[in-house]
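Worksheet: one structure, shown below.
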Number of protein chains: 2
Amino acid sequence: MTDIKKDKVDIFAVAKRAKVSISTVSRSFNHPDLVNPATRKKIDTAVRKLGYIRNRAAQTMHGIRSGTIGLVVPTIDHAIFAEVIQAFSDSVDKHGFTILIASHGYNLEKEYAVLRKFLEHRVDGVALIGEDHSEETYDLIERQYIHAISLWNYNEDSRLSCVGSDNKLAGCLAAQHLIDLGHLEIGLVFPPTVDNDRARERRNGAQSVLTKGGARVYPQWDIESTYSIADAKEAALRILKTEHRPSAILCGNDVLAMGVLYAARSCNLNVPEDLSIIGIGDFKGSNEVEPGLTTIRLPAREIGRQAGEYLSRSIIGESVGRRRVSCNIELIVRGTCKPKP
Amino acid sequence: MTDIKKDKVDIFAVAKRAKVSISTVSRSFNHPDLVNPATRKKIDTAVRKLGYIRNRAAQTMHGIRSGTIGLVVPTIDHAIFAEVIQAFSDSVDKHGFTILIASHGYNLEKEYAVLRKFLEHRVDGVALIGEDHSEETYDLIERQYIHAISLWNYNEDSRLSCVGSDNKLAGCLAAQHLIDLGHLEIGLVFPPTVDNDRARERRNGAQSVLTKGGARVYPQWDIESTYSIADAKEAALRILKTEHRPSAILCGNDVLAMGVLYAARSCNLNVPEDLSIIGIGDFKGSNEVEPGLTTIRLPAREIGRQAGEYLSRSIIGESVGRRRVSCNIELIVRGTCKPKP
DNA sequence: CTAATTTATGAAAACATTTGCAATACTATT
DNA sequence: AATAGTATTGCAAATGTTTTCATAAATTAG
């Protein structure tokens, strides 16, 4: 028991046990070709015996990448982002990065705070959702020269690199489909659009097409609902219970559309005979629900994958400069819409 | 332009600008009460002007906590874990921790690899889902003396601290409800149970009650489905299309139950008149779907919250030793089950 | 068999902080 | 005015690694 520091397993402990210097141990990790295979084996056994695990914090101090990417989303809880998070995560994982994740609950000051925390951890890059961020946030990203990307929305003038879809177009397509089917009295169920460019653009797109198409949206048919099936169902019930109800409802996303669909069912309205419903997003289950939900498909997996790929590569140094990637969206016609008789 | 290192903003730069030593700068962050308010103000302005952000990597090297917690889940993509992840995240966030997250896709070797990576990052604690882990994983946790917790399942003999519910009981309750309603011909739709203690226990619980209650589960009614509405719907169609079909179907979780519900609807079967369906979990939307899904409620938010709280506290040092927390479950009777005539 | 290479290793500086200890400056007490 | 005590600050060592440079050993060439 001559050991003083008994159980601290650091690179010194390994070196001692393998009877080499710490330089050699370090080298055998980072440049294995520079060390004698026999020595390498000795080190390897020492590592295994001691259960040594490298300390990335110490590595990070040498300007070596931390191997982490910060991902800030409005919420993890909902179907909306689950898919894109998973795809993004898988994608950066392939390049050896680990994700730091946090949600801000649609509060942009909290988003800024989270970003700062990520920077303290010296993440190699950050990914944000959409383009509505505080000026402070944009400032911080620029001043810190951190690799950053905005997911989910595509905008040709975006301040950051972006990978996403044209949300305005999504709104237009949805509205156009209803117009094409002859609907002129249309209800809207949208999430709050403040600090949420995705929802705002969808809404603007939809509204402009509706107006152009000569449709009427009475104020009492234009309802705001949080991202929750329960809320949306309740909101829809309010629309459906007015004595004069719209012939179709256009929803800001599929979660809301689900709520509307259930609301219709609970009022004994048949979809699509008595009411047409269209969503945006094409989430899991939108295809399976009966009748299948007509919606605008946003390629969440594709967005997550491409964003992860681009960010990883730009951190590793394989690409530079801003890039804007637009992922295609399409109208998916299923069972919830039918022509106005 | 006498500056050599022009734009590196570290603690030296701040010290220089504020005309104090780096010790004082450091102190003004970590022990503000020990530094003169006037000096503190000078430092503060310097920090702001330079846009200095502390380097946690350097701090971590002093045995100071990294401020991160590793969370390993089977998948982020599904409703199953979204709620618990969000609650866990919110809960540890209150104590100043940031989450490193990764998924392993029900592959326990990948789980081990992820855990190692987390340890390289010197996370202050780790949270895993359930109790099925490789021996290597358990070993690593013990040898590294890392704070660890298992979420989701409660087991009085768990190797790790755990916060969760009794999944076997969940299976029992669901089965008992069907038995109580007089159902004796029952179909099962469960996810794969290998390396998944939660599903396995639910299934065992259900099956034991069904057997004891004298119910029959023909092999062709006992179907495996991945965690996907689409898969479950398809699986259920196989059951429902046999000439002799069960009067009730018990599902391993609500996602699967949704699939079964949609399958029934697509066969023009009325639920609950022609078929009773019960799920386990009580996810978002289970209450809103028409008819509302009868299910066993697992308190996901509560589990996430308590787990986060316990793990944070035990890292901070407010509590020690293993702890096992059982979160109550309950039968939620809604519209998808009715007595067998 | 010696000189010139090549291969393998170690010593020490560097990275960005924190902190124990010592030194200084200030305040209150006598 | 001298002393004791306290508040504030700086110096330097420590943290766990990587990497540059130098050196020693082994190999090849002549």
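Sequence lines set the chain letters: A, B, ... in the order given, protein chains first and strands last, and positions in each chain run from 1.
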Problem set entry | Pairs satisfying salt bridge (Lys or Arg N to Asp or Glu O under 4.0 Å), at least one member in residues 143-157 of chain B, at least two apart |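 Sorted result for residues 143-157 of chain B: empty, none.
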Of all residues at least two apart in sequence or in a different chain, which pass the ring-ring contact (aromatic ring centres under 6.0 Å, His included) check with [X]?
| X | result |
| --- | --- |
| A/Tyr106 | A/Tyr227 |
| B/Phe12 | none |
| A/His133 | A/Tyr138 |

For this session: Would you give a per-nucleotide map of nucleotides 5-10 of chain D, 5' to 3', where B means the base has a protein non-hydrogen atom under 4.0 Å away, S means only the sugar-phosphate does, and - means neither?
Result: ---SBB
For this session: Could you tell me, to 10°, how much the axis swings from one end of the helix from C/dC1-D/dG30 to C/dT30-D/dA1 to the other, five pairs per end?
Result: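 The helix from C/dC1-D/dG30 to C/dT30-D/dA1 shows an end-to-end axis angle of 40°.
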Listed by chain and number, what are the side chain to side chain donor-acceptor pair (under 3.5 Å) partners of [X], not counting sequence neighbours?
| X | value |
| --- | --- |
| A/Glu135 | A/Arg159 |
| A/His95 | A/Glu309 |
| B/Ser161 | B/Tyr310 |

Problem set entry | Contact list for DNA chain C against residues 43-52 of chain B - heavy-atom distance below 4.0 Å |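 Per residue number, the list reads B/Tyr52.
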Exercise. Do any N or O atoms from the side chain of B/Ser103 and from the backbone of B/Ile76 form a donor-acceptor pair under 3.5 angstrom?
Worked result: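 Not a single qualifying donor-acceptor pair exists.
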For this session: Select base, sugar-phosphate, or nothing to describe what A/Phe29 touches, counting heavy atoms under 4.0 Å on all strands.
Result: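 Counting heavy atoms under 4.0 Å across all strands, no contact is made by A/Phe29.
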Please state how far atom [atom1] in [X] lies from atom [atom2] in [N], giving the value in whole angstrom units.
| X | N | atom1 | atom2 | answer |
| --- | --- | --- | --- | --- |
| B/Glu120 | D/dT17 | CD | P | 10 Å |
| A/Ile53 | D/dG16 | CD1 | P | 15 Å |
| B/Asn30 | C/dA16 | CG | C1' | 13 Å |
| B/Ile11 | D/dA14 | CD1 | P | 19 Å |
| B/Lys16 | C/dA16 | NZ | P | 15 Å |

Exercise. Between B/Arg301 and A/Asp77, is there a salt bridge with N-O shorter than 4.0 Å?
Worked result: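 Yes, this pair counts.
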Problem set entry | Salt bridge A/Lys110-B/Asp93, side-chain N to carboxylate O under 4.0 Å |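 Yes.
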For this session: Run through A/Arg48, A/Arg40, A/Lys41 and flag the one making a side chain to side chain donor-acceptor pair (under 3.5 Å) with A/Asp44.
Result: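 Only one option passes, and that is A/Arg48.
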Exercise. Looking at residues 54-66 of chain B, who's got a heavy atom less than 4.0 Å off DNA chain D?
Worked result: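 Correct list: B/Met61, B/His62.
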For this session: For B/Gly130 and B/Ser150, work out which heavy atoms get closest and say how close.
Result: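 Nearest heavy atoms, B/Gly130 then B/Ser150: O-OG, 3.1 Å.
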For this session: State which residues pass salt bridge (charged side-chain N to carboxylate O under 4.0 Å, His left out) with A/Asp124; sequence neighbours excluded, sorted by chain then number.
Result: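 Residues passing salt bridge (charged side-chain N to carboxylate O under 4.0 Å, His left out) with A/Asp124: none at all.
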